[in-house]
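This report refers to the structure that appears directly beneath it.
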Amino acid sequence: MPSSSRSLTSLDPGRLRLPEKPALEGLEARWAPLWEETGVYRFDRTRPRSDVYSIDTPPPTVSGSLHVGHVFSFTHTDLIARFQRMRGKAVFYPMGWDDNGLPTERRVQNYYGVRCDPSLPYDPSFVPPSTPAKQPISVSRPNFIELCNRLTAEDEKAFERLWKTLGLSVDWALTYATISKRAQHVSQLAFLKLVKKPLARPFGNVVSRAYQLEAPTLWDVDFKTAVAQAELEDREMPGAYHRIRFSRVGGEGAVEIETTRPELIPACVALVAHPDDVRYQGLFDKYFETPLFRTLIRVRSHPLADPEKGSGIAMVCTFGDTTDVTWWRELTLPVRAIMQPNGTLGPIAWDSGVWDSLDPTGAQRHYETLVGLSAVKARTRIVEMLRENGALIGEPRPITHPVKFFEKGDRPLEIITSRQWFIRAVDIKHELIARGREIEWHPPFMRTRYEDWVNGLNGDWCISRQRFFGVPFPVWYPLDETGRTVYETPILAEDDQLPMDPSTEVPKGYRAGQRGQPGGFIGDPDVMDTWATSSLTPQIVCGWADDPDLFAKTFPMQLRPQAHDIIRTWLFTTVLRSHLEEDKTPWAHAAISGWVLDPDRKKMSKSKGNVVTPLALLEEHGSDGVRYWAASGRPGTDTTFDPGQMKVGRRLAIKVLNASKFALGAASPQGPIVAPVDRAMIRSLSHLVEEATAAFEAYDYARALQRTESFFWKFCDDYLELVKGRRYGEQGADGAGSANAALTAALSVLLRLFAPFLPFVTEEVWSWWQNGSIHVAAWPVVSELDSLLGESGDATSTTGTGEVTIAAPSISGTGDPRAGLPASAGTGESDQAIYEWATDVLFEVRKQRSEAKQPLKVFITKVIVKVDTEKSELMSLVDADLRSALRVRAFETTVGAPGEPREILVAGYEPAVPVVQS
RNA sequence: GGGCGGUUAGCUCAGUGGUAGAGCACCGGCUUUACACGCCGGCUGUCACAGGUUCGAAUCCUGUACCGCCCACCA
């Protein structure tokens with residue numbers, strides 16, 4: 001899509017505009033708005049699918065500010081996007097905001113000092129206090145959502161400013177928010193399709209892909225919501241083993257169990273030991289009673305019981321941990337639930353049949369002292385009672401053990417029976433593994449994490465959350481004549497009602513007045529897990545629900561970039577949804593970025609207080625400098641936060657400015673590239689183009705940068721010095737013409753190779769002498785350099801549109817263009833040798849001058865060079881350039897015997913101030 | 001307990017069968033008509049350890065140690 005019809009490597013002197021003193025300052029403010037105005041990053045949806053490169057951008061969570069880790073990983077994606085765009089792809093690069101979910105809710109609560117109380121009516125005149133009150137103000141759900149929308153809108157503006165300053169080449173017309181009507185529509189529609197769509201299971205029965213079930217669920221007692229397996233994390237917590245005696249019913253004897261949660265004794269439903277454990281084999285199916293409450297329980301056998309742990313016999317409660325759930329299910333045990341959703345022990349009628357106590361009155365008396373206490377307080381209390389009662393053997397032994405937490409929660413998870421919606425996953429593990437193998441992972445070993453996670457799934461995905469700010473389930477339930485909710489026959493919303501909220505909308509066939517009435521209906525009160533929406537980012541952004549043409553062009557997508565910590569959540573759930581909804585793999589590539597570590601090798605995070613404000617970094621080092629640091633982090637590799645690297649990047653950007661100013665500063669005359677050194681440099685540049693392109697194609701942007709940078713510094717320090725004198729005319733117009741043509745060509749290629757990394761400085765320099773944006777200029781190819789050397793079969797470059805590049809602009813031209821210049825050695829290999837030889841001589845002479853501590857203004861009278869035959873020929877080709885660059889009056893070349901080591905020897909220096917001969 | 005990465009110069013990291021590298025830092029020199037935000041040069045290594053394969057190993061294999069991460073049914 002190059003806008004110009006002329007060569008990208010030639011110079012139009014009339015177009016050239018060089019600044020007096022080029023500088024980095026202000027480039028972000030200058031170019032970011034211009035890119036937006038001119039739409040250089042707009043997705044062109046008229047292009048065929050084969051030309052499209054679509055990116056499933058991670059929507060950052062809108063719950064505060066972006067941090068340096070975001071800058072790091074989003075830069076990586078931008079590098080790929082810019083490369084693909086320059087290669088001629090129509091890049092589909094959207095930006096999303098994840099403003100749907102708990103983090104946003106929590107931020108809104110703290111920011112405004114409010115709490116959501118769904119029972120309150122909407123107050124249209126509510127205004128939050130300017131500073132949050134100490135006591136949170138209760139507001140209605142609509143008021144709360146208004147505040148969520150208000151705060152996220154402000155945050156998103158700030159995010160967009162940062163991304164634009166960083167130079168992300170996002171098409172800002174493709175912005176989406178996970179709480180938007182459009183995302184809600186996709187989310188609800190996809191959910192309903194799963195509910196209606198059958199799935200054949202291994203044993204032949206057919207079930208729906210999303211279903212609801214009343215079952216033990218992981219539960220956070222502070223947020224008062226169900227959470228999913230993927231949102232769990234372990235934390236090392238202090239605890240204690242309590243050894244407790246359970247007496248045999250109707251006879252002598254007792255067993256001792258060990259537990260860290262004695263407060264769950266009232267919820268005990270069995271004891272369990274390993275079937276092979278000889279200590280307990282005689283006790284299987286025998287009755288015991290719980291201490292204090294005297295509930296009848298039996299000893300059961302199950303292979304999960306570990307004879308090595310504790311006393312080898314465990315108490316099963318409903319529910320202490322996920323193993324309890326397994327035992328409860330597989331041994332068909334009763335439910336004796338005591339934990340309430342708020343994390344306190346609830347009231348129990350001990351004379352009801354469920355508890356099966358030998359002494360209901362005594363049990364009731366003991367239990368009353370626990371009702372309303374949290375787990376921790378109840379534990380203290382029950383230990384006192386057990387001690388008095390004599391059931392506690394010895395004293396509790398303190399330990400540290402891992403406890404499951406909701407990753408955003410503050411108290412250990414409980415397992416509470418509740419009705420939740422699930423998406424099926426466990427039955428299709430092998431299909432999900434197969435999907436993972438269709439994706440090309442960068443780096444490849446990240447696929448293992450995905451497979452480990454899928455293989456370790458122990459339940460379907462719970463997607464319902466008992467929260468407020470999220471996508472509601474588009475579902476109602478009928479109420480029967482007694483007012484009981486009939487969960488078995490949910491009323492699904494019609495597609496044309498979406499997006500909707502069942503707490504305000506009325507199902508077809510009902511009247512609003514029937515809400516909550518016997519014989520009427522009631523809306524599902526829950527919202528979806530934030531991942532239930534995020535897992536549909538491809539569907540949301542590609543127009544699955546409302547733009548089939550766009551969807552066909554962009555889905556499946558080419559790239560999912562993301563960090564490795566959310567493989568088990570975002571990546572996994574996206575694959576799952578795409579598989580269940582579309583029967584497709586959502587992307588061809590997954591590029592997994594690492595973390596930013598602080599110098600102590602810990603992940604940088606807010607809680608550790610070591611987060612640096614990204615905007616300040618961009619201001620201090622320049623966006624190009626920060627991008628340089630980010631680009632040095634290879635895919636999947638954690639990278640140390642290193643301002644030193646940003647400074648290096650900044651210096652590189654400054655060098656680009658100055659070298660460009662030099663290359664373009666005296667760029668006439670232009671002539672055919674005939675000088676051996678020039679041809680050698682161009683040849684070497686061809687190799688760089690090949691290498692950088694191959695690296696980028698393999699998603700190894702870091703290597704592409706490193707090779708380009710390394711070439712560029714040598715180009716500046718060696719090549720520019722070698723041709724400096726000649727380009728100013730020391731060897732005549734043709735020598736200058738060759739140097740200038742090579743300089744402008746090399747500059748053009750190098751700028752384009754740098755453009756993905758340093759978008760601001762390369763665009764700035766490009767604007768001095770080229771038309772259009774460098775970011776839609778063609779990525780350099782070897783053939784355009786071949787044609788400059790007059791060596792390609794056809795003198796055309798392979799640009800995106802196949803435009804013709806004129807091989808050698810002839811501006812100079814008096815007679816034979818090669819007159820007065822040494823003849824080039826011709827082939828590519830020889831060209832390379834010339835360049836290497838010249839830089840070897842540069843190095844040797846510089847070293848000797850440095851050791852002799854002679855300033856550069858002092859001329860070297862003579863350098864004696866002893867070489868083999870081949871090198872002596874090379875010497876004659878570069879003699880003049882070397883004399884000029886090194887300030888050497890003469891080289892004396894002698895040919896040594898075969899096998900004799902090469903020698904380069906500075907023979908002497910002229911006086912610093914030459915004596916004027918009379 | 002299982003798995004995945006890593007261990008190379010003081011620091012940050014490249015290098016995946018053929019003479020150990022870059023940048024930063026450090027030391028010395030240099031105002032050189034692009035750049036002192038610059039240039040030229042110098043110093044710096046049991047390539048974690050132990051075996052093995054090989055003519056040859058930082059690189060391949062086996063094991064060990066340490067660091068990080070992921071997972072696990074943690075009574």
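As a basis for the values below, the full set of heavy atoms in this structure was taken, side chains included, without hydrogen atoms, waters or symmetry mates. Residue numbers start from 1 in every chain, and the chains themselves are labelled A, B, ... in the order their sequence lines are given, proteins ahead of strands.
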Query raised in the report: What nucleic acid atoms does A:W713 come within less than 4.0 Å of, heavy atoms only: base, sugar-phosphate, or nothing?
Result: sugar-phosphate
Requested in this report: Answer with base, sugar-phosphate or nothing: what part of the nucleic acid does A:W327 contact at a heavy-atom distance below 4.0 Å?
Outcome: base
Query raised in the report: If you pin A:P307 and A:L24 to their nearest nucleotides in RNA chain B, which one's is more 5'?
Result: A:L24
**Report entry** B/S/- contact track for nucleotides 25-35 of chain B, protein heavy atom under 4.0 Å
**Finding:** ---B-SSB-BB
Query raised in the report: Checking all strands, does A:K847 fall into the base, sugar-phosphate, or nothing category for heavy-atom contacts under 4.0 angstrom?
Result: sugar-phosphate
Query raised in the report: According to a strict under-4.0 Å criterion, is A:R846 in side-chain N/O contact with OP1 or OP2 of B:C39?
Result: no
Query raised in the report: Any luck finding a side-chain donor-acceptor pair between A:E440 and A:Y699 under 3.5 Å?
Result: no
Query raised in the report: Salt bridge or not for A:R300 and A:E330, using N-O below 4.0 Å?
Result: no
**Report entry** Qualifying salt bridge (charged side-chain N to carboxylate O under 4.0 Å, His left out) pairs, either residue in residues 625-636 of chain A, two or more places apart
**Finding:** A:D78-A:R627, A:R634-A:D700
Query - A:Q229 side-chain N/O to B:A72 phosphate OP1/OP2 under 4.0 Å - result: yes
Report task. For B:U46 versus B:A9, give the span between their P atoms, rounded off to a whole number of Å. Result -> 8 Å
Query raised in the report: Residues in side chain to side chain donor-acceptor pair (under 3.5 Å) with A:N658, at least two apart?
Result: none
Query raised in the report: Under 4.0 Å: is that the gap between some side-chain N or O of A:H564 and OP1 or OP2 of B:C4?
Result: no
Query raised in the report: Do the charged groups of A:K404 and A:D321 touch, with an N to O distance under 4.0 Å?
Result: no
Query - Side-chain N or O of A:T640 closer than 4.0 Å to phosphate OP1/OP2 of B:C13 - result: yes
